[in-house]
A.B. asks: 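Take this structure, written in structure tokens, and hold onto it; I'll ask about it next.
All values below come from the heavy atoms of this structure, side chains included, with hydrogens, waters and symmetry mates left out. Everything numeric here is computed off the predicted structure, so don't read it as measured data.
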Amino acid sequence: RLRDRAAGAKLHLRPLFSGRDYHSLHHENSSFRFEPEGVGGGGERGAGETRLVWHPYPGLPGIMAVANGRYTHQPDWYRNFLYDEERSRGLEDTEDLASPGLFSWDLSAGEAVCVLATDKSQDKSLHLPPARCLEELREAERSRRRRFPSRLHRSADAYLVKRGKGKTIVAGYPWFTDWGRDTFIALRGICLATGRLDEARDILLQWAGTVSEGMLPNLFTDQGDQPEFNSVDASLWYVVAVHDFLQAMDEAKRKPADGDRKRLHGAIEAILSGYVKGTRFGIRLDDDGLLAAGQPGVQLTWMDAKAGDWVVTPRIGKPVEVQALWLNALKIAGASSGRWRDLFEKGRASFVERFWSEERGCLYDVVDSEHRPGVVDATFRPNQIFAVGGLPLTLLDEDQACRVVEAVEARLWTPLGLRSLAPGEPGYRPCYQGGVLERDGAYHQGTVWPWLIGPFVEAWVRVCGGTPEAKQRARARFLAPLLAHLDEAGLGHISEIADADPPHRPRGCPFQAWSLGEVLRLDAVVLAGSQDSRS
């Protein structure tokens with residue numbers, strides 16, 4: 001919306017269109033349809049109304065324009081837009097955009113208004129005259145923002161979307177869809193920490209019907225094909241999310257519907273039973289009560305980078321965070337079943353005995369590596385922090401927990417989160433940059449992950465006694481740098497990753513659900529009572 005009282009002041013606006021998904025670029029072609037539907041009046045002085053809809057390609061949503069200026073149809077291609085960031089990533093970097101015509105206004109006659117929207121929008125204000133439409137949209141947005149108590153809460157709202165008749169959480173913008181693992185981790189902050197319990201219920205019920213052989217999908221493909229079951233931990237994060245949801249409902253003095261509770265508990269039983277029986281990719285209960293998983297060529301944990309046939313961090317065997325999740329899931333289910341209680345006790349005893357390294361003062365990353373009994377992967381990674389924080393149950397004694405937190409803080413902590421690999425370890429990569437192969441090779445080889453600040457700070461507060469003083473120190477030392485990051489990359493949001501070495505430049509997706517979710521969970525749950533939120 002622009003206004004200029006200078007006599008004869010003109011404004012010309014030429015929209016540029018493409019028709020593509022976020023993984024490709026757009027090029028000049030004969031199929032693009034330039035002709036709009038609707039009326040393009042407006043008049044010289046911009047006092048009228050122009051209402052147009054373009055359908056550039058069949059099967060894609062139309063583009064609607066509501067304006068009080070004149071539209072002149074002048075179709076043309078604007079070629080060879082160069083995207084420097086795409087070039088630096090070794091991706092296709094040059095794009096052609098289509099321009100159907102020109103909007104024009106005489107600014108001395110009044111304000112210029114142009115509103116763009118999809119023709120699928122249900123917003124009734126789009127049918128009003130342009131100036132009124134703009135005011136209605138502006139007031140609706142102001143009203144929406146007033147509903148949220150903080151900037152973080154407003155940002156979190158962007159990740160909650162519909163899937164079918166239910167709801168889910170988009171893992172990140174602009175290039176992620178909804179991933180199982182990301183959804184259940186992010187839900188605890190984006191929904192539970194913000195009091196959006198109805199949305200949490202809808203999401204958990206939507207996913208409850210997708211259990212297959214004990215596994216939940218980790219990915220629904222962009223084209224709506226069959227979901228991909230390629231995660232050992234997504235199902236276990238679901239169990240934790242259900243536990244936290246029911247606990248939040250209890251604290252809010254709300255009772256879930258009997259049918260809902262039955263479906264959620266049924267999903268948990270199906271997950272645990274499927275894992276005990278054995279399922280895809282070698283996921284199975286072993287004799288020591290722990291969970292074995294993995295086979296060559298498949299990445300099952302959250303450290304899931306793969307370039308061609310190269311799995312960068314295969315972590316085949318018994319990964320430490322998978323055991324922490326497995327034991328937490330057994331503990332949760334054991335509240336109503338002796339079967340799971342007995343299995344939990346066996347697995348917990350094995351966990352401490354098999355993962356703890358007294359000499360190093362920390363936990364191994366994988367035991368029975370490559371399914372070779374007794375072989376350990378001692379690579380220093382952040383996954384061990386889940387034995388102390390980020391989950392309902394702590395698996396280590398006080399001394400062991402303190403030593404793990406101290407080691408992780410000393411070697412992995414940065415102002416934007418935890419490194420995925422300690423400096424000095426073989427394969428450490430200080431920067432996430434270069435082509436696809438270079439970036440995938442650095443993704444979990446040092447690259448900082450902001451979402452890990454949640455389990456780390458929770459562990460730090462626990463070993464410091466959980467006192468208000470400890471929480472206040474944690475808020476100042478660990479949370480404040482992440483809140484400062486809200487103005488650094490994706491404004492109001494937390495990035496997916498950052499470089500391992502200073503200055504820890506934000507990388508990857510600038511709007512990441514679990515990064516923001518864990519900051520919300522820290523702010524509202526872990527550090528509650530330390531002081532008023534600054535977010």
A.B. asks: Less than 4.5 Å apart, any side-chain heavy atom of V211 and any of I271?
C.D. replies: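 Heavy-atom side-chain distance check passes, below 4.5 Å.
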
A.B. asks: Going by atom types only, do Q512 and Y159 share a side-chain donor-acceptor pair under 3.5 Å?
C.D. replies: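 No donor-acceptor contact under 3.5 Å links the two side chains.
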
A.B. asks: Side chains of Y364 and N383 only: does a donor on one sit below 3.5 Å from an acceptor on the other?
C.D. replies: no

A.B. asks: Determine whether more than 12 heavy atoms belonging to other residues, nucleotides or ligands lie under 6.0 Å from atom CG of D258.
C.D. replies: no

A.B. asks: Check step by step if side-chain hydrogen bond (donor to acceptor under 3.5 Å, both in side chains) holds for E496 and Y443.
C.D. replies: CA-CA 11 Å; E496 176 192 8; Y443 204 38; 2.2 Å; yes

A.B. asks: So, R280 versus S212: side-chain donor-acceptor pair below 3.5 Å or not?
C.D. replies: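 On atom types as modelled, these side chains qualify, holding a pair under 3.5 Å.
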
A.B. asks: Can you see whether R381 engages Q445 through a side-chain donor-acceptor pair at a distance of less than 3.5 angstrom?
C.D. replies: yes

A.B. asks: I want to check something: taking the side chain as every heavy atom from C-beta on, are L187 and Y238 in contact at a cut-off of under 4.5 Å?
C.D. replies: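 Side-chain contact under 4.5 Å: no.
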
A.B. asks: Might you work through the salt bridge (charged side-chain N to carboxylate O under 4.0 Å, His left out) test for R315 and D377, ending with a clear yes or no?
C.D. replies: CA-CA 8 Å; R315 306 183 70 229; D377 178 356; over 6 Å; no

A.B. asks: Under a 3.5 Å cutoff, is there a donor and acceptor pairing between the side chains of W207 and T168?
C.D. replies: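 Yes - a donor-acceptor pair under 3.5 Å links their side chains.
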
A.B. asks: Considering all heavy atoms of both residues, which atom of P382 and which atom of M303 are nearest to each other, and what is their separation?
C.D. replies: CD-CE, 4.0 Å

A.B. asks: What is the minimum heavy-atom distance between L520 and A156, and which atoms define it?
C.D. replies: CD1-CB, 3.6 Å

A.B. asks: When you look at CG of D287, are more than 12 heavy atoms from neighbouring residues, nucleotides or ligands closer to it than 6.0 Å?
C.D. replies: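 No - once you tally the heavy atoms of other residues, nucleotides and ligands closer than 6.0 Å, there are 12 at most.
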
A.B. asks: With a cut-off of under 6.0 Å to the ring centre and 45° to the axis, is R411 in cation-pi contact with F380?
C.D. replies: yes

A.B. asks: Would a 4.5 Å heavy-atom cut-off, applied to side chains only, mark I385 and E409 as touching?
C.D. replies: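 Of all side-chain heavy-atom pairs linking E409 with I385, none is under 4.5 Å.
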
A.B. asks: If you measure only the distance, is there a donor-acceptor pair under 3.5 Å linking the side chains of E269 and W340?
C.D. replies: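 Indeed, the side chains of E269 and W340 share at least one donor-acceptor pair under 3.5 Å.
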
A.B. asks: Decide whether a cation-pi geometry holds between R188 and W514; the criteria are a distance under 6.0 Å from NZ or CZ to the six-membered ring centre and an angle within 45° of the ring axis.
C.D. replies: no

A.B. asks: Hey, mind stepping through W237 and F386 against ring-ring contact (aromatic ring centres under 6.0 Å, His included) and telling me if it holds?
C.D. replies: CA-CA 12 Å; W237 276 113; F386 288 99; 5.8 Å; yes

A.B. asks: Do the side chains of D499 and R505 get close enough for a salt bridge, i.e. N-O under 4.0 angstrom?
C.D. replies: no

A.B. asks: Can you tell whether the side chains of E139 and R146 come within less than 4.0 Å, N to carboxylate O?
C.D. replies: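 Between R146 and E139 there is a salt bridge, with a charged N closer than 4.0 Å to a carboxylate O.
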
A.B. asks: Around atom CD of E398, are there more than 12 heavy atoms of other residues, nucleotides or ligands at under 6.0 Å?
C.D. replies: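 No.
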
A.B. asks: Salt-bridge test for R196 and D157: reply yes if a basic N is under 4.0 Å from a carboxylate O, no otherwise.
C.D. replies: yes

A.B. asks: Does any donor atom in the side chain of H485 or S495 lie under 3.5 Å from an acceptor atom in the other side chain?
C.D. replies: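 H485 vs S495: donor-acceptor pair found between side chains.
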
A.B. asks: Would you call R429-E438 a salt bridge at under 4.0 Å N-O?
C.D. replies: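 Not counted as a salt bridge, because no side-chain N and carboxylate O are separated by less than 4.0 Å.
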
A.B. asks: Looking only at side chains, do E358 and W356 share a donor and an acceptor under 3.5 Å apart?
C.D. replies: yes

